[in-house]
There are 2 protein chains.
Amino acid sequence: MLSKASEYAIRALVYITIKNRDAVRPGYREISREIEAPEQFTAKILQTCVRNKLLQSVRGRGGGFFFDPESKPLTLIEIINTIEGMSLFTRCGIGLSKCSDTAPCPIHKEYAVIRDQYQQLTTNTTIDNLADKIISGEGVLNRMFN
Amino acid sequence: MLSKASEYAIRALVYITIKNRDAVRPGYREISREIEAPEQFTAKILQTCVRNKLLQSVRGRGGGFFFDPESKPLTLIEIINTIEGMSLFTRCGIGLSKCSDTAPCPIHKEYAVIRDQYQQLTTNTTIDNLADKIISGEGVLNRMFN
DNA sequence: GTATAAAAAGACAAAAAAGTCTTTAAATAA
DNA sequence: TTATTTAAAGACTTTTTTGTCTTTTTATAC
């Protein structure tokens with residue numbers, strides 16, 4: 001299960017993407033309100049994204065967050081890795097420190113299948129994919145858009 | 001991802017099962033040592049299991065933990081539910097409070113598939129299944145058994 | 001230039017999870 | 001009966017995660 005920080009990050013970045021498509025650069029107040037996440041905590045998470053070049057920002061009047069239109073699509077796994085690291089995709093299913101294909105825990109194989117599927121999903125899904133679904137009405141972020 | 005408490009619980013209960021098959025009722029000191037988990041924390045987790053009737057114990061000299069041989073096989077999901085609840089199997093993939101089939105988050109369907117597979121795995125896997133694998137040498141708990 | 005509006009930064013606080021310590025209760029062996 | 005061994009119980013501590021508050025920096029508008 002993702003940390004709250006990762007969840008907020010994904011929701012925030014989807015929101016930013018949607019607004020950017022209308023040439024708007026939202027600020028963290030608006031973002032946190034719309035994705036229903038704590039304001040300052042959202043700000044801090046977005047700072048982390050900016051520091052790690054997943055996202056850009058401008059300060060001052062009329063500032064806000066935005067994506068470089070030139071940059072390649074951002075995958076969920078990149079965000080997760082930035083916010084909480086990769087342990088979700090590497091950790092043993094029952095917490096053995098030295099579980100591996102050669103010395104597997106008794107649920108290793110079955111767990112690895114599921115864990116790898118999740119890794120595939122987060123690798124193949126981009127923030128743009130999610131934004132598309134919101135805009136097409138296939139999915140919901142929280143509030144409605146207009 | 002499971003909490004550490006759930007991981008320790010599963011490992012401890014597998015260990016107890018294996019020892020019980022040799023008519024031995026291990027204590028929490030031995031258990032925690034063998035599964036490489038903190039001693040008192042393991043004791044507390046086992047207490048929770050006993051209180052919730054997943055497991056039995058006897059106090060005093062020669063006491064320890066054991067399973068009622070009459071009781072039906074214990075599944076992983078029962079243990080997880082006892083230790084940390086079911087949120088792992090119900091929570092939205094990006095943390096939306098009101099994500100559902102009718103108002104799905106943009107990754108709802110794909111995430112639900114994986115989450116349900118994990119639920120199936122933990123529902124269909126019993127502590128005995130894991131113990132069997134250890135004994136047959138297909139899997140490893142941590143130290144070797146003899 | 002000055003006021004204003006925004007993100008950045010960092011210290012701080014609260015909550016949750018993980019882990020420890022000490023005392024009590026219960027069972028057995030002697 | 002008494003000593004010993006074991007689990008139970010509960011208070012306590014530490015660490016991690018989550019969240020807040022205050023100040024600083026930077027950009028823009030006037």
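Residue numbering restarts at 1 for every chain, and letters A, B, ... go by the order of the sequence lines. The analysis underlying the following values was restricted to heavy atoms, covering all of them including side chains, and did not include hydrogens, waters or symmetry mates. This is a predicted model, so every value here is computed, not measured.
Note: NZ (B/Lys19) to P (D/dT6) measures 14 Å, nearest angstrom. Atom CD in B/Gln56 sits roughly 17 Å away from atom P in C/dA26 (whole-Å rounding). Going from atom CE of A/Met1 over to atom P of C/dA16 covers 14 Å, rounded to whole Å. Between the C1' atom of D/dT5 and the CZ atom of B/Arg29 lies a distance of 9 Å, rounded to the nearest Å. Summarising the geometry, the separation between CD on B/Gln47 and C1' on D/dA11 is reported as 13 Å, rounded to the nearest angstrom. Residue B/Ile45 contributes atom CD1, which lies 13 Å from atom P of C/dA17 at whole-angstrom precision. To the nearest angstrom, C1' of C/dA5 lies 14 Å from CD of A/Glu39. In this structure, A/Tyr28 places its OH atom 16 Å from P of D/dG19, rounding to the nearest Å.
Residues B/Arg25 and A/Arg59 each lie close to DNA chain D; by heavy-atom proximity, the contact nearer the 5' end of the strand is made by B/Arg25. Judged by closest nucleotide on DNA chain C, A/Val58 is the one of B/Phe41 and A/Val58 placed further toward the 5' end.
Salt bridge A/Lys44/A/Glu39: absent, no basic N to carboxylate O contact under 4.0 Å. Salt bridge annotation for A/Arg21-A/Asp128: present, with a cationic side-chain nitrogen under 4.0 angstrom from a carboxylate oxygen.
Remark: B/Tyr8 is in phosphate contact with C/dG19, judged by side-chain N or O atoms under 4.0 Å from OP1 or OP2. When the side-chain nitrogen and oxygen atoms of A/Ser57 are compared with OP1 and OP2 of C/dA6, none of them lie within a distance under 4.0 Å.
Not a single donor-acceptor contact under 3.5 angstrom links the side-chain atoms of B/Arg61 to the base of D/dT6. Residue side chain A/Lys44 reaches the base of D/dT20 through a donor-acceptor N/O pair under 3.5 Å, judged by distance alone. The base of D/dT16 is not paired with the side chain of B/Lys4 by any donor and acceptor separated by under 3.5 Å.
At a threshold of 4.0 angstrom between heavy atoms, the contacts of B/Arg51 are confined to the sugar-phosphate backbone, with no base atom among them.
Checking C/dG19, D/dA9, C/dA7 against every side-chain atom of B/Pro38, the shortest atom distance belongs to C/dG19. Here C/dA18 is the nucleotide among D/dT20, C/dA18, D/dA7 with the atom lying nearest to any side-chain atom of B/Ala5.
Within the 3.5 Å criterion, the main-chain N or O of B/Ile77 finds no donor-acceptor partner in the side chain of B/Asn81. Of the possible donor and acceptor atoms, none in the side chain of B/Asn20 sits under 3.5 Å from a partner among the backbone N and O of B/Thr17.
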For residues 51-67 of chain A, please give each side-chain donor-acceptor pair under 3.5 Å, one per line with the distance, not counting sequence neighbours.
from, atom 1, to, atom 2, distance (Å)
A/Asn52, ND2, A/Thr48, O, 2.7

